[in-house]
Amino acid sequence: MGLDLSRRGAELVPVEGWVTGIQFDGRLVYLWYGSDPAGQDCIAGRAGQLHTFASEDACRAMASARDWPSADGDDGVVEVTDLEPAQDWLRGKRMAIDPQAALDLWNWGADVAHSTSLPWNGGGAVGATCHDKLFAAVVPWVYKMESYSPIWSPRQLRVLREVLGQSVHLIRSTTRR
């Protein structure tokens, strides 16, 4: 069990961080991202809310003003993760799920839950299978395959929708400004 940061109002800052962005709900927000003292991915925040920024420069300025440590080798290139294809699938605007966007949304939801001490339900054993299938579709060579296209059971699709929906809720509720 992690630190209960959301209820004590403590600020969580990665041991070493960098600027990253997410495209979500039709907007681009920037975050200070890295690892916590236990080595788990985390996002800078306080009292159950993530510190969000409208620009890379604003994020870097806050990090500098507060002396947040920057990761060694931070080359200044900001990666932006587009979560909207997965959101479109959840809304029924896409028939097929984009495995990369779905895996990213899942992982961002888990990182947000950890960073804010909010509850996270990964869907149990069925959820673990879903996550593995998404991972295999994105990086099939890890499983010694050239490619992988998941085939989903109705139960897996239900759990996948639940976990991704939970991720949307967590990200939406912790990035409000």
Side-chain angles (χ1 to χ4, degrees), residues 1-87 98-122 127-128 131-132 134-143 163-164 166-177:
M1 193 88 180
L3 298 173
D4 185 1
L5 297 167
S6 65
R7 289 160 190 78
R8 294 188 314 187
E11 184 166 55
L12 173 65
V13 177
V15 173
E16 291 184 327
W18 58 89
V19 178
T20 192
I22 56 172
Q23 183 70 39
F24 181 82
D25 277 350
R27 64 189 178 113
L28 177 57
V29 296
Y30 294 91
L31 306 151
W32 190 254
Y33 186 88
S35 297
D36 68 10
Q40 189 163 345
D41 293 342
C42 70
I43 306 150
R46 180 182 191 88
Q49 289 291 298
L50 302 177
H51 293 305
T52 60
F53 306 90
S55 70
E56 297 173 33
D57 291 339
C59 186
R60 286 187 205 289
M62 171 78 93
S64 177
R66 294 193 177 180
D67 293 322
W68 291 347
S70 184
D72 288 337
D74 180 8
D75 60 7
V77 175
V78 175
E79 182 179 330
V80 174
T81 305
D82 188 0
L83 303 177
E84 292 191 354
Q87 285 185 282
D98 176 322
Q100 179 71 64
L103 183 63
D104 289 340
L105 181 56
W106 186 305
N107 291 339
W108 271 100
D111 291 347
V112 167
H114 170 71
S115 301
T116 58
S117 297
L118 293 171
W120 172 255
N121 178 353
H131 191 274
D132 289 348
L134 292 172
F135 189 78
V138 173
V139 288
W141 55 90
V142 170
Y143 298 96
V163 173
L164 295 182
Q166 171 188 210
S167 294
V168 167
H169 172 73
L170 285 167
I171 296 167
R172 190 175 284 149
S173 65
T174 60
T175 61
R176 282 191 216 136
R177 295 223 63 153

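Scope of the values below: all heavy atoms of this structure, side chains included, with no hydrogens, waters or symmetry mates.
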Do the side chain of T116 and the main chain of G48 share a donor and acceptor less than 3.5 angstrom apart? no
Return the CG to CD distance between D82 and Q87, rounded to the nearest 0.5 Å. 9.0 Å
Atom CZ in R46, atom OG in S115: separation rounded to 0.5 Å? 15.0 Å
For A128, give me all partners under side chain to side chain contact (heavy atoms under 4.5 Å, CB included), at least two apart in sequence or on another chain. none
Q100 versus V138, closest heavy-atom pair with distance: OE1-CG1, 3.0 Å
Side chain to side chain contact (heavy atoms under 4.5 Å, CB included) against A137, all qualifying residues, sequence neighbours excluded: P99, Y148, P150
Using salt bridge (charged side-chain N to carboxylate O under 4.0 Å, His left out) as the criterion, list what pairs up with D25, not counting sequence neighbours. R91, R172
One should read off an interatomic distance between T174 OG1 and I43 CD1, to the nearest 0.5 angstrom, of 7.0 Å
Checking the side chain of E84 only, and the main-chain atoms of G26 only, is there a donor and an acceptor separated by less than 3.5 Å? yes
How far does CH2 of W18 sit from CH2 of W32, to the nearest 0.5 angstrom? 9.5 Å
Over all heavy atoms of both residues, which pair between L134 and A102 is shortest? Give the atoms and the distance, please. CD2-CB, 3.8 Å
Given the rule in the side chain to side chain contact (heavy atoms under 4.5 Å, CB included) test, do I22 and V80 qualify, once you have shown the distances and angles that lead to the verdict? CA-CA 5 Å; I22 56 172; V80 174; over 6 Å; no
Assess whether side chain to side chain contact (heavy atoms under 4.5 Å, CB included) is satisfied between R60 and V78, documenting all intermediate values. CA-CA 11 Å; R60 286 187 205 289; V78 175; 3.4 Å; yes
Could you state the interatomic distance from OG (S167) to CG (D111), rounded to the nearest 0.5 Å? 9.5 Å
Heavy atoms of G21 and Y30 approach each other most closely as CA-CD2, 4.0 Å
Do V163 and N121 make a side-chain contact, defined as non-hydrogen atoms from C-beta onward lying under 4.5 Å apart? no
List the atom of G109, the atom of L170, and the distance in Å for their closest heavy-atom pair. O-CD1, 3.7 Å
Taking every heavy atom of Q166 against every heavy atom of W120, the minimum-distance pair comes out as OE1-CA, 3.4 Å
Evaluate W106 against H131 for ring pair (Phe, Tyr, Trp, His ring centres under 6.0 Å), listing each step before the verdict. CA-CA 8 Å; W106 186 305; H131 191 274; 5.2 Å; yes
V15/S35 under side chain to side chain contact (heavy atoms under 4.5 Å, CB included): CA gap, chis, key distance, verdict: CA-CA 6 Å; V15 173; S35 297; 5.6 Å; no
Taking the six-membered ring for Trp and the single ring otherwise, decide whether the centroids of W108 and Y33 are under 6.0 Å apart. yes
Taking all non-hydrogen atoms of both residues into account, name the closest pair between F24 and L83 and its distance. CD1-CD1, 3.9 Å
What's the separation between atom CD in E16 and atom CG in D36, rounded to the nearest 0.5 Å? 12.5 Å
Backbone N or O of S173 within a donor-acceptor pair of the Q49 side chain at under 3.5 Å? yes
I'd like to know if the side chain of T175 pairs up with that of R27 as donor and acceptor (distance under 3.5 Å, no hydrogens or angles considered). yes
